[in-house]
Structure formats: C-alpha cells, structure tokens
Amino acid sequence: MLKRSKIEDLLSSTTTKDKVLIKGWVKTRRDSKDFSFVEVNDGSCLKNMQVIAKNSLNNYEEIKKLSTGSSVAVEGSLVESQGGSQKYEIQAEKIEIYGIAPDDYPLQKKKMTDEYLRTIAHLRPRTNKYGAAFRIRSELSYAIHHFFHDRGFKYVHTPIITGSDCEGAGEMFQVTTLDMNNLQKTKDGKVNYGEDFFGKEAHLTVSGQLNGEMYACALGDIYTFGPTFRAENSNTPRHAAEFWMIEPEMAFADLHDDMDVAEDMVRYCVKHIMEHCASDLELFEKFVDPTLKQTLENIAHNNFARVSYTEAIELMKKSGKKFEYTPEYGIDMQTEHERFLAEEYFKKPVIVYNYPKEIKAFYMRLNDDGKTVAAMDVLVPRIGELIGGSQREERYDVLVSRIKELGMREQDYEWYLDSRKYGSVPHAGFGLGFERMMMLVTGITNIRDVIPFPRTPKSVSF
RNA sequence: UCCGACUUAGCUCAGCGGUAGAGCAAUCGGCUGUUAACCGAUCGGUCGUCCGUUCGAACCGGACAGUCGGAGCCA
C-alpha cells in the first residue's frame, strides 16, 4: 500500500520519484488536447501540485468533470515539469475521486473580499490567503512554546471557568446550567445561584494571571497560553469576544526583567516565522501589506524603544503635533498617542513603563515615588497595544491598602493575598494577545481574519 | 456603546424618481503543455427588511437589522 505524501515534501524533493500518492482538493483544472491539468492542494503548503491526467485514464470522462473544490487521490510518478512555473508535476496513473464540488461551491478562482469570506468561514481556509494565515498561526503557537520551553518556563493550564468575579479585566460571560426560561428566585427577588451548577455565580475567564501568579510562586517561571473571554461590546478590528492570550509570570523578576522577556519573545517569534514560513509570508507581502518584510526585519534587528510614561508625555508635548486629546500627565493614553509614539516618533515598537497608579490595576507594584506603578505596555506600529504587563505588588500591606483604596472587598482576594502572606517574592509578568501578534506578523488588519471561527458581538456562526 | 459609510445577479460593482446593467463565476461549445489559461454562446435579480412621500421608488424620507471604518474598553 502506497503511503500518502505531502505536497510540500514532494515539491522540496531533490529527486524525481517513480511512485507517489497525494490526496487533496482541486484548485483549478485546465483541459488540453488529449489530457487535462489538475492542480491539487493538500494544505501542507501554499503551492499546488500540477497533475497531468491523460485521456488514456479509464475514468477520464469523470476527471474532466473535476471542479474547483473537488477532492481526489492521485497516484503516479513525480517528474520534472515542462512548464516554467513549477519544478515537478505528477504524471497520473490513477485518479480516485472522493467528492465532486457542485457548481454552487462558494470559493472562486479570483480575489474575494475578506468580508465575504467571513460569511463562509468554514471554507475560507481552503483559499491561499487563509491557508497561509492558519499555517502561520500554527507555527506561531509552536514558536511561543519553544521560546518558553528553551528558557525553562513551565506551561500551566489555568482554568477557563472561574468562580472569582474579581479578575477585573472587563465584562464577563456568565456560565450557568440554570433554566433561563424558568429561573428560581429567592425571597428578595434575586436569582438563586445556590441551585446553579457550582452553587455560586461562575464566569468564563478574562485572564489567567492571578492563577498564574500562584504557580510562578511555586514553579518559578511559568506561562499560560489559552483562550480568554471578554463580553465587552467592542466593535473594532482589534477586539474579539474569544481570543488567545499568552501570560508569562516570573518569580524573582522585576519590571526590567519583564520588559526584557517581552521584547525577546516578540523578536524570537518574528524571527521564527521569517525563517519557517517564508513562502506564506511572501503572499502577505505581495497581496496584503507591501511593507511587511521591512516591518518584521525592523523588529528582528533593532531594540525596542523604552520610555517612561512621564517621558512619553513630555516628548509628545514637545513634538508640536496636534492631538485631539492633549497629552498631559495623568491621562490614559489614547490610540492617537500610541500610534504617534510607535509609528511617527520611534518608528519601531516602543515600551512605555511606570504609569500613574490611578490609571492602572490594583495588583501592579507601587513605585518608590508613591505616584506611579511598575507597569509596562508594548506598543507596536499599526497594531497598538500588543502587550500589557507589570511587576506585581508583593508587599502584603501595600496590596491590601491598594485594594481598600479602590473600594474593592478584601475578602474576595483572600487566596490571592495568601501568596503575599506566605513567603512572598517579587515577581512580574505580562499578557500578550496572540491574535494581535498574528496581525503583526501577517499584516492582516482585522482580528476576525486571524481566528479560525471568530466570535464578536452579534456573531457566533459556525 | 457613540459617530460615519455601506447593503442591487453566486462574487465585485455601476445605475441615483419612469419600473434593472457590466465584469468575473457557473453551464454548454471551441482551441490549446497549460498555469487565477484563452475564445464564443447561454443562464442568472420580488435592488437588506418594514413604513411613508409620489401618478410612479433600487433611486427621496423614517425606523430596524446587518456589515465595514473611526472612537471608547483592552490583549
């Protein structure tokens, strides 16, 4: 029994082969006088295998009906191609047809808009562009695991369902087994969550960070890489309700270690993709973003700029640039500010650190000035915020007073505070939006196009 | 959620007050070691939904829905 070869392997072969078997989907077919060209793609790479089907094949009449999208198995010899566009082609000895795609097959042999392809998200991975994007997505995931594994980080699986309503990173999706059409209420008219699956309110996680910190304070360096859910009604090309996040957390690390790891990681991933996905990247440079190569090389070969929040505000003030929101110490940075810093001023990724405590989360470490916290954001041209991170507040008393200061309930954070109570250590971490890194690496401008089946407000098809 | 634009054949769009058009796709035929092949013919639409203005609406007005872009939230 002949074993199936991947088209990628055959096209990179150094020799012709007498007997090969490929299986895949027909991209296009062209008839010639007494044979037919059938281009087959199996998803292993961007390129198709050109198959020569002679009219002497016993099912040639059937082969001539092969339409775009049809699935086949081809057995034959791998020979040097007479045509100029490919090194090899297969002289078919046998073509088995698995399934014909009828004439209502929605994918066409021409450019289709991203908006249209989203309506057929189940078929879009068969297009060149989306095939390339999702091969890169796979490789980028691998690169992330590789980066951390190389550095001795342990991979931790933090929970998807959370019982803590204090993760504090936005609106959450509720998880329940209660019959929504027949809710049991308590005497004061509230929903009786005692009857719910977990006996209390439960939600989908908005961040694995608090859990991650506990494992960092045991295993040393850890990272999480999993799905995250935000029920924000965000309608932008950069937000999704379900996305994947990478959250490293490092014991005995300060903000500068944090920034170093963040920068190293982004550079490592970019280099990895440039090295391992060259032909797929070429497609994106050709059809999606002509400046892509330049952007990626800029990241691969230059250090990121680093400025404190205070410096960033000052240099924006001095720039003479007209902003809609005037830069002033204390304001939250607007998209226009982030874009100015990354795209116009530094013209490369920039890390802004030490933000006023008022505009950042409770768990970030208070600096000695008493005004700022050890937070950092990595801002990237075109994407905006790629990473948000901080050194964590490890001092029990300071953390408790921050919780109180912000009007939060101390008892909701008991288990979190325990880590500061028993052998507390300085530690730091960050969160990186995986899809945003995908957008960075491919030049794709809409997050919906780098997720296989995107979930956004009013949209959960497929 | 706020602001703006868009929604016409399978796809991409034109038409902007008198009741629908192109290119591509598809189908059929021709030609050819071709390469999103080429040439010819055919098929294809209650113009997002509802309400209104008008003798008459794809075209004007309103509501709703969806999509896209910008903003906010952030990853």
Side-chain angles (χ1 to χ4, degrees), chain A residues 27-41 47-54 65 67-69 79-86 89 91 101-120 127-129 168-171 205-209 225-247 262 287 324-325 332-336 338-339 359-361 377-380 383-389 430-440 445-451 456-459 461:
Chain A
K27 272 286 166 109
T28 178
R29 198 196 79 250
R30 297 176 289 275
D31 294 325
S32 192
K33 197 168 182 181
D34 46 20
F35 63 94
S36 194
F37 295 101
V38 185
E39 287 206 35
V40 178
N41 186 284
K47 287 207 172 78
N48 305 322
M49 179 63 80
Q50 175 163 288
V51 172
I52 309 298
K54 289 202 169 134
K65 290 179 193 151
S67 49
T68 302
V79 299
E80 285 186 15
S81 178
Q82 296 172 32
S85 303
Q86 59 279 318
E89 62 191 19
Q91 285 284 350
D103 57 25
D104 60 350
Y105 184 59
L107 294 179
Q108 303 182 8
K109 288 183 283 186
K110 61 163 190 169
K111 202 177 254 176
M112 288 165 288
T113 60
D114 294 321
E115 290 82 5
Y116 170 64
L117 289 168
R118 271 172 226 152
T119 68
I120 49 167
T127 63
N128 290 340
K129 178 176 167 182
E171 293 299 309
T205 184
V206 293
S207 163
Q209 181 201 316
F225 184 8
T228 303
F229 308 87
R230 304 270 168 93
E232 303 286 351
N233 192 7
S234 296
N235 293 288
T236 85
R238 301 182 304 281
H239 293 84
E242 178 181 316
F243 63 98
W244 284 57
M245 192 153 64
I246 296 118
E247 295 183 289
F287 298 113
E324 198 180 326
Y325 291 86
D332 227 332
M333 280 215 203
Q334 304 289 312
T335 299
E336 59 170 338
E338 296 179 350
R339 293 191 67 151
I359 58 173
K360 289 291 180 183
D377 285 347
V378 178
L379 311 176
V380 176
I383 314 290
E385 189 176 335
L386 178 68
I387 289 173
F430 61 85
L432 181 146
F434 182 60
E435 283 76 13
R436 291 198 180 165
M437 185 138 75
M438 273 295 293
M439 292 165 77
L440 173 69
T445 52
N446 195 311
I447 196 167
R448 289 163 245 244
D449 299 330
V450 298
I451 303 180
T456 51
K458 297 284 183 310
S459 173
S461 305

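Keep in mind that the numbers below use all heavy atoms, side chains included, and drop hydrogens, waters and symmetry copies. Quick caveat, the model's predicted, so the values are computed rather than measured. Each chain gets a letter, A, B and so on, in the order the sequences are listed, and its residues count up from 1.
- At a cut-off of 3.5 Å, with distance as the only test, a side-chain donor of Glu247(A) or Ser207(A) sits close to an acceptor on the other residue.
- With a cut-off of 3.5 Å on both Watson-Crick or G-U wobble distances, the partner of A71(B) is given as U1(B).
- Across the C1' atoms, G56(B) and C24(B) are found 35 Å apart, a figure rounded to whole Å.
- Of the side-chain N and O atoms in Arg30(A), one or more sit less than 4.0 angstrom from OP1 or OP2 of A37(B).
- To the nearest whole angstrom, the two C1' atoms, one in C28(B) and one in A65(B), are 41 Å apart.
- Both distances falling under 3.5 Å, in either a Watson-Crick or a G-U wobble arrangement, place G23(B) opposite C11(B).
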Atom pairs under 3.5 Å, N or O on each side, protein against nucleotides 28-32 of chain B: can you list them with distances?
{"unit_1": "U32(B)", "atom_1": "N3", "unit_2": "Asp31(A)", "atom_2": "O", "d": "2.6"}
{"unit_1": "U32(B)", "atom_1": "O4", "unit_2": "Asp31(A)", "atom_2": "O", "d": "3.0"}
{"unit_1": "U32(B)", "atom_1": "O4", "unit_2": "Ser32(A)", "atom_2": "O", "d": "3.3"}

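- Nucleotides G70(B) and C13(B) are separated by 25 Å at their C1' atoms, to the nearest Å.
- Separating the CZ atom of Arg29(A) from the P atom of U34(B) is a distance of 17 Å, rounded to the nearest angstrom.
- Protein atom CG of Asn235(A) is 8 Å distant from nucleotide atom C1' of U1(B), rounded to whole Å.
- Heavy atoms of Leu386(A) sit under 4.0 angstrom from primed sugar atoms or phosphate atoms, though from no base atom.
- One finds a salt bridge joining Lys360(A) and Asp377(A) here, because a Lys/Arg side-chain nitrogen approaches an Asp/Glu carboxylate oxygen to under 4.0 Å.
- The only option from Lys27(A), Arg30(A), Arg29(A) that meets the salt bridge (Lys or Arg N to Asp or Glu O under 4.0 Å) definition with Glu39(A) turns out to be Arg30(A).
- Interatomic distance, Arg436(A) CZ to Phe243(A) CZ, rounded to the nearest 0.5 Å: 7.5 Å.
- Within 4.0 Å (heavy atoms only), Thr28(A) reaches sugar-phosphate atoms of the nucleic acid but no base atom.
- Between Thr335(A) and G72(B) there is a side-chain N or O to OP1 or OP2 distance below 4.0 Å.
- Under 4.0 angstrom from either OP1 or OP2 of A37(B) there lies at least one side-chain N or O belonging to Lys109(A).
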When you check every protein heavy atom under 4.0 Å of nucleotides 8-13 of chain B, what one-letter string (B, S, -) results, 5' to 3'?
--BBS-

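- Both thresholds, 5.5 Å between centres and 30° between ring planes, are not jointly met by Phe37(A) relative to the base of G33(B), so the two rings are not stacked.
- No hydrogens or angles were tested; on distance alone, nothing pairs the side chain of Arg448(A) with the base of C68(B) as donor and acceptor under 3.5 Å.
- Across all strands shown, C50(B) pairs with G62(B); the Watson-Crick or G-U wobble distances both stay below 3.5 Å.
- The structure places OG of Ser459(A) at 10.5 Å from CG of Asn235(A), a figure rounded to the nearest 0.5 Å.
- Nucleotides C60(B) and G17(B) place their C1' atoms 8 Å apart, quoted to the nearest Å.
- Residues passing the side chain to side chain contact (heavy atoms under 4.5 Å, CB included) test with Asn446(A) are Arg118(A), Pro237(A), Arg448(A), Asp449(A), sequence neighbours excluded.
- Each of G70(B), A75(B), G33(B) was ranked by its minimum atom distance to the side chain of Pro237(A); first place goes to G70(B).
- Partners of Phe37(A) by ring-ring contact (aromatic ring centres under 6.0 Å, His included), not counting sequence neighbours, listed by chain and number: Phe35(A).
- Take Phe430(A) and apply the ring-ring contact (aromatic ring centres under 6.0 Å, His included) test, not counting sequence neighbours, and it matches no residue.
- Distance check: Phe287(A) CZ to Lys129(A) NZ gives 10.5 Å after rounding to the nearest 0.5 Å.
- As rounded to the nearest Å, C16(B) and G61(B) have P atoms that lie 15 Å from one another.
- OP1 or OP2 of G72(B) sits under 4.0 Å from a side-chain N or O of Gln334(A).
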For each nucleotide in nucleotides 38-43 of chain B, reading 5' to 3', give B when a protein heavy atom comes within less than 4.0 Å of its base, S when such contact involves only the sugar-phosphate, and - otherwise.
------

